[in-house]
There are 2 protein chains.
Amino acid sequence: MKRPTIADVARRAGVSKGAVSYALNGQPGVSEATRQRILAIAAEIGFSPSSAARALSGATARAIGLILARPARTLGIEPFFMELISGVEAELSARSYALTLQVVADQSAEVAVYRRWWGERRVDGVLVCDLRTDDLRVPVLEELRLPAVVIGGPTGTGSLPSVWSDDAAALVETVEYLHALGHRRIARVAGLPDLLHTAIRTQAFTGVCQRLGLAEAVTVSSDYTGEEGARVTRRLLSSRLRPTAVIYDNDVMAIAGLSVAQEMGLAVPAHLSIVAWDDSPLCRLVHPPLTALGRDIPAYGANAARQLLRLIEGATAEGLETETPQLTPRGSTGPPLDESLTA
Amino acid sequence: MKRPTIADVARRAGVSKGAVSYALNGQPGVSEATRQRILAIAAEIGFSPSSAARALSGATARAIGLILARPARTLGIEPFFMELISGVEAELSARSYALTLQVVADQSAEVAVYRRWWGERRVDGVLVCDLRTDDLRVPVLEELRLPAVVIGGPTGTGSLPSVWSDDAAALVETVEYLHALGHRRIARVAGLPDLLHTAIRTQAFTGVCQRLGLAEAVTVSSDYTGEEGARVTRRLLSSRLRPTAVIYDNDVMAIAGLSVAQEMGLAVPAHLSIVAWDDSPLCRLVHPPLTALGRDIPAYGANAARQLLRLIEGATAEGLETETPQLTPRGSTGPPLDESLTA
DNA sequence: CTGAAAGCGCTTACAG
DNA sequence: CTGAAAGCGCTTACAG
């Protein structure tokens with residue numbers, strides 16, 4: 001059960017190890033006939049070059065890293081990460097790169113893993129998620145010169161290239177749509193406040209509400225869990241001048257909000273319109289189905305992976321803007337009932 | 001920006017590279033004082049041993065592999081995998097093992113990746129998910145002698161050790177509970193029929209229904225998506241003698257079923273009781289919250305990782321039974337209304 | 001307890 | 001186009 005090495009292939013082909021290496025890597029240095037013969041023998045005896053030996057000879061590790069710094073419980077409930085990963089994978093496996101994944105408790109643990117990975121030469125580059133307004137990781141990655149692509153931005157990424165979508169534009173479009181339906185009291189249930197994209201959305205929300213003269217616009221913070229989404233919604237809907245529309249920063253909180261509305265006897269969308277960010281199959285499961293802001297998350301991940309691979313190969317990758325999240329109106333939004341407006 | 005090597009540490013400590021290696025790996029061969037001095041210097045200059053060099057010198061890759069062979073869309077929606085992964089990670093990172101993840105299209109692609117990983121010595125072992133009734137992967141893993149632990153079973157695992165829970169017992173308990181509430185027409189919406197645990201559950205369901213004299217017990221197949229869950233539920237609830245209780249093989253289908261019931265004007269639980277397998281935060285989000293069969297999935301993953309690590313270290317790991325899924329009654333189950341019984 | 005050396009399996013200049 | 005050899009950074013017998 002000894003695994004075959006390059007020497008075995010060389011012996012059977014009657015050539016040197018160097019020749020086998022050239023043949024396998026598509027380098028010049030062997031004739032086409034020899035190359036074909038070598039490849040056939042390699043396939044026949046089931047040879048794949050040792051990733052360790054390759055990495056050690058100065059070639060790359062052929063692996064990229066992804067670290068998720070969120071509590072285990074909230075990770076499972078966000079379809080976002082798994083969809084992102086499957087998109088990343090699609091790009092990587094085409095070039096037989098591996099994905100090394102790690103789940104950590106917080107950003108300082110994340111930074112420690114970056115340092116270790118780089119020291120160990122375990123990965124050739126990393127994908128960075130959940131960018132914060134004042135992010136610890138950016139300066140460290142710059143210092144290490146570890147190739148990195150940020151998923152998010154476009155600001156706050158330092159000198160690191162990023163793949164991002166225009167969340168501000170999507171939010172403005174959503175508020176304008178609700179405004180056009182007749183809504184005047186719009187609330188927003190935001191995600192974790194120190195995430196950069198939360199700040200970007202909050203700023204856009206405040207801006208467009210001001211422009212439209214919606215003085216009562218309010219943003220409340222949350223943590224993406226259903227529990228918090230429900231609690232915050234209950235508070236919003238209990239206020240004297242309750243909102244007639246709420247925009248949630250993820251699908252889970254939106255569904256929790258829908259539940260709370262139903263529990264409080266409010267009809268959706270007659271008494272309350274609901275919009276969810278990050279459209280997912282969940283949004284179509286509930287009744288009524290949720291109006292949502294969606295984008296192709298696997299494609300987003302694939303784009304990020306492609307940029308990173310380019311960076312690893314030595315190209316200079318700059319930022320890449322992907323499609324702006326699209327609003328898909330469904331049953332959870334509509335004009336507010338008159339009584340709601342003055343309740 | 002050159003990353004420090006073992007030679008740098010040795011030079012600064014005034015010892016040989018061998019001594020540094022012994023010190024780092026806790027091997028005998030250096031005095032305690034020397035060991036401490038070496039460790040201090042290593043920490044000071046930020047040295048971590050190259051994983052490639054280690055792997056090449058016959059040590060292990062210090063990485064384990066996990067392959068997910070499901071369509072990208074259904075992956076995101078199942079909290080199961082992400083929770084499993086976070087449990088696996090908790091166990092691995094404590095010993096600074098890495099997790100190499102790959103998403104593939106089907107089992108034959110999965111087998112190809114196992115062969116490649118083993119040839120490349122990229123991983124020291126693998127965790128195997130989604131065991132099928134006649135699984136391609138088991139004989140290949142046995143042939144490769146790639147250390148592997150199956151998540152699932154306990155049958156159909158060949159000579160591979162497995163970590164499993166008694167799904168049959170959990171299903172029996174659930175049916176008995178529904179029977180005690182007064183239900184006589186119980187249906188089950190099953191997951192993918194060629195998954196082994198689906199077969200195990202189906203067999204248990206048929207068995208207990210027979211024992212209790214529930215002649216109308218029916219299992220229908222599905223694919224875990226909300227769309228299919230909704231379609232199948234619509235068909236079940238449209239039949240002349242519609243079931244008064246339905247057990248779903250995942251949370252997403254159960255929520256879809258709840259939606260369909262509401263859309264068809266059936267009250268839950270008065271007209272229809274609903275039970276979901278794999279309790280998740282989603283089950284508590286909807287209205288009414290779903291009665292569910294739950295277990296600690298991160299702990300399940302951690303157990304599997306622990307078994308695999310043991311196997312890699314040369315111990316003989318045998319099967320390990322983990323806790324049986326627990327039934328948590330919530331608002332979605334109750335006695336059926338009389339009219340439902342005879343409808 | 002320590003040092004010098006071989007070897008893991010590749011890649012890549014360097015001669016022929 | 002091909003062969004012989006050095007080198008990547010570790011680990012681990014083997015002498016001292």
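Chain letters run A, B, ... following the sequence lines, proteins first, then strands; residues in each count from 1.
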OP1 or OP2 of D/dG9 less than 4.0 angstrom from a side-chain nitrogen or oxygen of B/R54, does that happen here?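 B/R54 to D/dG9 OP1/OP2: no side-chain N or O under 4.0 Å.
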Does A/Q27 have a side-chain nitrogen or oxygen under 4.0 Å from the phosphate oxygens OP1 or OP2 of C/dT11?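 So the side-chain polar atoms of A/Q27 never come under 4.0 Å of the phosphate oxygens OP1 or OP2 of C/dT11.
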List the residues meeting salt bridge (charged side-chain N to carboxylate O under 4.0 Å, His left out) with A/D194, not counting sequence neighbours, and say none if there are none.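 With neighbours one apart ignored, the set is A/R132.
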With a 4.0 Å cut-off on N to O distance, would you call A/E110 and A/R115 a salt bridge?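 Not counted as a salt bridge, because no side-chain N and carboxylate O are separated by less than 4.0 Å.
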Show me the pairs that pass salt bridge (Lys or Arg N to Asp or Glu O under 4.0 Å) and involve [range], at least two apart or across chains.
range                      : value
residues 93-106 of chain B : B/R95-B/E313
residues 14-30 of chain B  : none
residues 41-69 of chain A  : A/R12-A/E44
residues 83-92 of chain B  : B/E91-B/R306

Rounded to the nearest angstrom, tell me the gap between atom CD1 in B/I6 and atom C1' in C/dA4.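 Nearest whole value for this atom pair: 14 Å.
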Quick one: list whatever passes side chain to side chain donor-acceptor pair (under 3.5 Å) with [X], sequence neighbours left out.
X      : value
B/S31  : B/T34
B/D135 : B/Q107, B/R137
A/E321 : none
A/E142 : A/S159

A/V30, nearest nucleotide to its side chain (from D/dT2, D/dG9, C/dG9):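 For the A/V30 side chain, the nearest candidate turns out to be D/dT2.
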Within residues 8-25 of chain A: residues closer than 4.0 Å to DNA chain C (heavy atoms):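 Result for residues 8-25 of chain A: A/K17, A/G18, A/S21, A/Y22, A/N25, sorted by number.
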Kindly state which residues belonging to residues 33-49 of chain A come within less than 4.0 angstrom of DNA chain D, counting heavy atoms of the residue only, listed by number.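 The stretch gives A/T34 as the residues lying under 4.0 Å from the strand, ordered by number.
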Give the stems involving DNA chain C, where a stem is 3 or more consecutive Watson-Crick or G-U wobble pairs (i with j, i+1 with j-1, and so on) under 3.5 Å.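 For DNA chain C the paired stretches long enough to count as stems (3 pairs minimum) are C:1-3 with D:14-16, C:5-12 with D:5-12, C:14-16 with D:1-3.
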